[in-house]
Amino acid sequence: MNAVNGKHLRHWINGKPHDGPAERRGDVYDPATGRVSGTVDFAGPTEVEAAVAAARDAFPAWRDASLSKRAGVLFRFRELLTRHRDEIARLISAEHGKVVSDAAGEVARGLEVVEFACGIPHLLKGGFSENVSTRVDAYSILQPLGVVAGITPFNFPAMVPMWMFPVAIACGNTFILKPSEKDPSASIRIAELWAEAGLPDGVFNVVHGDKVAVDGLLEHPDVKAVSFVGSTPIARYIYETAARNGKRVQALGGAKNHMVVLPDADLDLAADAAVSAGFGSAGERCMAISVLVAVDPVGDALMDKIAERVARLRIGPGHDPRSEMGPLVTGPHRDKVASYIDGGRAQGATVAIDGRATPVNGGEDAEEYRDGFWLGPTVLDHVTAEMDAYRDEIFGPVLSVVRVSSYDEAMRLLADNPYGNGTAIFTNDGGAARRFQNEVEVGMVGINVPIPVPMAYYSFGGWKASLFGDSHAHGMEGVHFYTRTKAVTARWLDPSHGGVELGFPTNG
Ligand code: NAD
């Protein structure tokens, strides 16, 4: 199906929309209606080359732009993003499906990274040691890498790119974003705001597309570093391919986030948290809680409280302020997620809440939303570690409840799980919480906090199969990822220099 009079998203290269013809295009959907709302150009080698050339040509001047000039552009960009936050949220909601308030939240979390990057003059300070040897000084300089690329997933079309490019650009790099082809509009609006903020042409570029565009970036010799966020199989591929091509790479992958509820926990708090973190954004968050680990004897009471809360949730189109949860991103994804309901039952789970029966609140426009990609909140109880519903990253509104008899059994479950993105423990026992934070092999830990997304000045990243590479995103790890350190040893000649000396330089 092709869009009739729909929007047409083009690449953004060298400060403007790219006007070359597209050999391939993809459809963009409105998930609430299930209809195509526009098309997006897909980049081939020619467009990737054009974007890399623009970024390469822009690099020398941007690298040499003063820190205060760079910070000035970032401050203006921050103001523009703040002003256009709701507009960007509506663009996201219309293509992703999440409710507008949730989309505004993701823009706000991205803005925090922009604010962090506004402090770049401080962040790029190197070290200085006077007199490391007699009248010899040593110091370090942090320099940008050159052209760097970011490849991002559908579920946070504004926030995840903003984990990357504010820091990369502030450090003096030029950037090429390959956003998800499923919801590309936010990236183009952001590119326009960068231009309005005074960012020189070519410093921020967007190429749309699929594997062809990604492979073009991974293989291009002028792309010096790649940041990726997406599913684990693709993250592994990006990591291996980029590394093989000599690039610096950080590749954040999928997740299966467990929330452990100990017997002494506040069960109302835990139930609120499980429902919020399980079904917010229809479970399409890398930090969503997808496994609830109920330590005996809390299981039954917790299930009752969760059921009460789920019954009150309102499912509907993202632009309706009364909606709490929108549709899933595409029809095939909704079908795959829904398949875990019958699949879970066949493997022995109890379908406590079946989201296929949840009504969609379309109000007077109910007919308009009949073919949307809907699936209501679903709870599978008595899930075990052998079941597909436990093993796979479902990435939708399906919460699996695993019942265990002890804290130690809960910890074994987490230790055996291949993912290590986020986790949470709910308890009133400080000692148990402290032991949990110490023992658990997960990168981001919440204590009575279900979605512990780190602030911009900490870094975001998981462990195990949730991250390939050694740098997490944003914070000081982001600054480290997007710079190379140069160590300088300097001696300004004075009358005491000692002539030829073949021995290895030591301090004296
Ligand atoms: P995805 O892996 O399908 O796609 C991510 C990006 O890779 C997109 O830009 C896509 O166009 C590109 N891509 C897809 N297939 C490719 C291929 N074969 N070769 C090269 N590039 C390819 O992920 P998605 O469905 O867009 O997003 C959801 C996934 O992202 C979930 O697994 C979720 O957990 C993960 N995610 C992780 C984090 C994190 O911080 N760890 C954050 C957000 C999302």
Side-chain angles (χ1 to χ4, degrees), residues 24 26 28 31 40-43 48 95-98 106 109-110 113 149-164 176-184 186-187 206-219 226-242 245 249-257 281-290 328-330 332-334 336-337 392-396 418-423 442-444 451-454 458-469 471-475 477-478:
R24 293 187 307 134
V28 179
V40 55
D41 289 351
F42 277 14
V48 170
E95 295 177 354
H96 175 285
K98 65 175 77 173
E106 83 157 274
R109 295 306 306 262
V113 183
I151 300 154
T152 54
F154 80 83
N155 67 321
F156 286 114
M159 182 184 76
V160 168
M162 284 198 273
W163 287 351
M164 304 170 181
I176 302 172
L177 173 64
K178 206 304 282 173
S180 171
E181 63 277 33
K182 297 189 178 102
D183 41 19
S187 61
V206 180
V207 291
H208 300 292
D210 56 5
K211 180 173 168 55
V212 177
V214 172
D215 285 346
L217 292 168
L218 294 179
E219 284 158 17
V226 175
S227 299
F228 172 87
V229 176
S231 58
T232 286
I234 311 296
R236 187 179 278 118
Y237 166 77
I238 301 281
Y239 180 72
E240 291 173 357
T241 312
N245 287 319
V249 53
Q250 54 180 178
L252 282 66
K256 196 81 184 175
N257 304 316
S281 201
E284 292 171 328
R285 289 180 182 147
C286 56
M287 290 292 275
I289 291 297
S290 49
L328 277 76
V329 68
T330 63
H333 184 57
R334 186 268 320 274
K336 180 159 183 271
V337 172
D392 298 351
E393 183 189 32
I394 300 176
F395 216 58
Y419 296 104
N421 210 43
T423 187
V442 172
M444 294 170 283
I451 306 191
V453 174
Y458 285 84
S459 298
F460 184 106
W463 288 14
K464 298 181 3 189
S466 295
L467 189 141
F468 302 89
S471 293
H472 291 194
H474 64 71
E477 293 199 43

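The shown structure was predicted, so the numbers you read here are calculated from the model rather than taken from an experiment. In listed order, ligands and their atoms are each counted from 1.
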Measure up the F395 and F154 rings against each other and bin them: parallel (under 30°), tilted (30 to 60°), perpendicular (over 60°).
perpendicular

Atom pair [atom1] ([X]) and [atom2] ([Y]), whose distance is rounded to the nearest 0.5 Å:
| X | Y | atom1 | atom2 | result |
| --- | --- | --- | --- | --- |
| I151 | L218 | CD1 | CG | 5.0 Å |
| M162 | R109 | CE | CZ | 11.5 Å |
| L252 | C286 | CG | SG | 8.0 Å |

Name each N or O atom in ligand 1 that is under 3.5 Å from a protein N or O, and give the partner atom and the distance.
unit_1   : atom_1 : unit_2 : atom_2 : d
ligand 1 : 2 (O)  : S231   : N      : 2.9
ligand 1 : 2 (O)  : S231   : OG     : 2.6
ligand 1 : 9 (O)  : T152   : O      : 2.7
ligand 1 : 9 (O)  : K178   : NZ     : 2.9
ligand 1 : 11 (O) : K178   : NZ     : 2.7
ligand 1 : 11 (O) : E181   : OE1    : 2.8
ligand 1 : 26 (O) : F154   : N      : 3.0
ligand 1 : 30 (O) : G230   : O      : 3.3
ligand 1 : 32 (O) : E393   : OE1    : 2.6
ligand 1 : 32 (O) : E393   : OE2    : 3.4
ligand 1 : 34 (O) : E393   : OE2    : 2.5
ligand 1 : 41 (N) : G253   : O      : 2.7

Less than 4.0 angstrom from a charged side-chain N to a carboxylate O is my criterion; do D210 and R24 meet it?
yes

I'd like to know if the side chain of S227 pairs up with that of Q250 as donor and acceptor (distance under 3.5 Å, no hydrogens or angles considered).
yes

